[in-house]
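Computed from a predicted structure; not experimentally measured. For the single chain, residues carry numbers from 1 onward in sequence order. Remember, it's 1-based here, ligands and their atoms both numbered in the order they're listed.
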Amino acid sequence: MSESKKVRVAVNGYGVIGKRVAAAVAQQDDMTVAGVSDVVTDWRAHMARRNGFRLFGATDEHAGHMRAAGLDVDGTLGDLLGETDVVVDCTPKRVAAKNVDVYRRLDIKFILQGGETHAATGHSFVAESNYGSAVDRDATRVVSCNTTSIVRTLTALKRAGLLQRARGTLLRRATDPWESHEGGIMNTLVPEPGIPSHQGPDAQSVDPELDVVTMAVKVPQTLAHLHYWSVQMTRQASKEEVLEAFTTSSRIALIRHSEGLVALNSVKELMADRGRPHADLYEVALWADMLRVQADELFYAYMVDNQAIVIPDTIDAIRALSGTVTNATDSIVKTNRALGIGPSLV
Ligand SMILES: NC(=O)c1ccc[n+]([C@@H]2O[C@H](COP(=O)([O-])OP(=O)(O)OC[C@H]3O[C@@H](n4cnc5c(N)ncnc54)[C@H](O)[C@@H]3O)[C@@H](O)[C@H]2O)c1
């Protein structure tokens with residue numbers, strides 16, 4: 001595709017999610033990174049430049065600080081938006097919501113991340129569930145890491161006609177690895193104060209038909225989340241039938257203890273050995289051998305790499321909003337190919 005036809009994507013906020021989004025956009029043949037914008041002046045901003053991205057300060061003041069720190073800066077977020085078709089806002093929770101007015105005023109399509117509310121865009125996105133309803137919209141929100149995993153897995157069961165209701169317990173990582181020096185719990189477990197935890201209702205913002213309740217507890221590690229699910233199926237089914245249903249999703253990877261994949265760290269090590277950037281696991285990694293069916297009840301567990309799982313869906317959301325690909329499967333296949341997402345992790 002010629003450069004002039006590629007969708008120009010701005011990434012506002014080059015942190016945990018933003019740097020992965022920018023790298024993933026750069027790997028697609030139908031979109032290009034117009035630039036990244038941030039407020040920091042330290043190694044993080046230097047990495048944006050080193051990785052070949054044009055750098056912009058959130059404001060004149062931030063751009064000035066960046067220049068004073070020796071960074072090569074192309075201007076402000078305002079300048080960047082002037083050369084942008086879709087902006088992916090990856091600034092911290094509640095910061096992005098404040099940028100919405102700017103994007104709307106400039107009539108630029110925008111994507112928010114899971115830290116923001118559904119109301120901020122009026123649409124919440126998981127590619128395998130509701131790509132079609134985002135096509136040509138002005139904005140959407142790619143839901144959080146946990147919610148993305150819930151919608152992917154329950155959509156696969158729903159498609160197979162197996163899903164009646166689902167109840168899940170989420171063991172949530174305490175903080176992101178690079179911020180571990182600043183916070184995070186140690187030597188304790190912290191239950192979320194209310195049931196349901198917010199992820200169940202959040203999944204319903206993508207698919208209101210899902211009968212889902214979640215409970216969550218924060219655990220003292222940083223690698224990934226671990227989910228345990230108990231599902232009431234619509235009828236008795238075999239284990240093979242359930243596994244078949246999960247394999248209809250290209251973003252659910254079945255893993256096995258017998259392969260040596262016995263814990264979160266072994267799966268992360270596998271991703272590192274595969275050469276995935278940051279050892280990222282884009283898929284829901286679901287233990288096939290642990291999964292148990294008991295008449296019409298289903299039990300299973302899976303791992304969610306919170307830093308990575310929303311990246312492919314964000315790429316699909318860019319295509320949906322820009323209207324360049326109107327069919328969900330076409331976009332998903334294209335994204336998967338570019339990011340190396342295939343049928344098996346091993
Ligand atoms: N970290 C995760 O595991 C994760 C997973 C899924 C979704 N999310 C969501 O993604 C969004 C971003 O989270 P994150 O973890 O990447 O945050 P982060 O703190 O790692 O990164 C945010 C980046 O935005 C920059 N920033 C702060 N204020 C800014 C401003 N006014 N203008 C421009 N840049 C600014 C920061 O310097 C930083 O580089 C949030 O909505 C979060 O809820 C995070």
Side-chain angles (χ1 to χ4, degrees), residues 10-24 35-49 51 53 55-63 65-66 69 71 73 75-81 87-103 110-118 120-121 124-126 140-152 170 172-184 198-199 202 218 221-225 264 268 278 280-282 284 303-314 317:
V11 178
N12 191 16
Y14 193 70
V16 167
I17 299 300
K19 65 185 169 188
R20 287 171 170 80
V21 168
V36 305
S37 157
D38 208 294
V39 294
V40 293
T41 58
D42 61 13
W43 62 273
R44 293 169 285 175
H46 283 278
M47 283 307 104
R49 292 290 303 133
N51 290 332
F53 301 125
L55 179 65
F56 296 78
T59 61
D60 275 329
E61 196 185 349
H62 291 113
H65 290 316
M66 285 173 170
L71 284 153
V73 183
T76 63
L77 174 65
D79 300 323
L80 173 59
L81 293 177
V87 55
V88 186
D89 196 314
C90 303
T91 57
K93 201 172 178 172
R94 286 185 280 275
V95 173
K98 294 183 193 136
N99 293 326
V100 165
D101 284 347
V102 177
Y103 304 146
F110 61 95
I111 294 168
L112 303 185
Q113 293 292 331
E116 307 307 323
T117 62
H118 173 81
T121 63
S124 295
F125 184 89
V126 174
T140 189
R141 174 185 72 120
V142 173
V143 292
S144 76
C145 45
N146 283 309
T147 305
T148 298
S149 76
I150 293 167
V151 176
R152 273 189 203 167
L170 285 51
R172 299 180 53 212
R173 65 89 179 91
T175 188
D176 288 335
W178 88 274
E179 289 176 313
S180 302
H181 60 292
E182 288 189 340
H198 72 272
Q199 295 86 1
D202 202 34
K218 210 189 278 184
Q221 59 85 30
T222 63
L223 284 178
H225 305 306
L264 306 187
K268 280 298 267 186
H278 302 283
D280 280 346
L281 169 72
Y282 303 119
V284 173
M303 166 177 170
V304 180
D305 185 344
N306 53 288
Q307 302 189 105
I309 186 173
V310 299
I311 304 307
D313 291 83
T314 302

*asked:* In terms of relative ring orientation, are F53 and Y14 parallel, tilted or perpendicular, with 30° and 60° separating the classes?
replied: perpendicular
*Taking the side chain as every heavy atom from C-beta outward, state whether R44 and W178 have any pair of such atoms under 4.5 Å apart.*
yes
*Using a 4.5 Å cut-off on heavy atoms from C-beta on, say whether the side chain of V88 contacts that of N12.*
no
*asked:* Can you confirm whether V100 sits close enough to L112 that some side-chain heavy atom of one is under 4.5 Å from a side-chain heavy atom of the other?
replied: yes
_For K268, side chain to side chain contact (heavy atoms under 4.5 Å, CB included) partners two or more places apart_ = L223, A279, D280, M303, D305
*Quick one: are E182 and T175 in side-chain contact, heavy atoms under 4.5 Å?*
no
Dump the pairs for me: ligand 1 N or O, protein N or O, distance under 3.5 Å, to 0.1 Å.
from: ligand 1; atom 1: 1 (N); to: D176; atom 2: OD2; distance (Å): 2.7
from: ligand 1; atom 1: 3 (O); to: R173; atom 2: NH2; distance (Å): 3.4
from: ligand 1; atom 1: 3 (O); to: N306; atom 2: O; distance (Å): 3.4
from: ligand 1; atom 1: 3 (O); to: N306; atom 2: ND2; distance (Å): 2.8
from: ligand 1; atom 1: 16 (O); to: V16; atom 2: N; distance (Å): 3.3
from: ligand 1; atom 1: 16 (O); to: I17; atom 2: N; distance (Å): 2.8
from: ligand 1; atom 1: 20 (O); to: V16; atom 2: N; distance (Å): 3.0
from: ligand 1; atom 1: 37 (O); to: D38; atom 2: OD1; distance (Å): 2.6
from: ligand 1; atom 1: 39 (O); to: G15; atom 2: N; distance (Å): 3.4
from: ligand 1; atom 1: 39 (O); to: D38; atom 2: OD2; distance (Å): 2.7
from: ligand 1; atom 1: 41 (O); to: G115; atom 2: N; distance (Å): 3.0
from: ligand 1; atom 1: 43 (O); to: G115; atom 2: N; distance (Å): 3.1

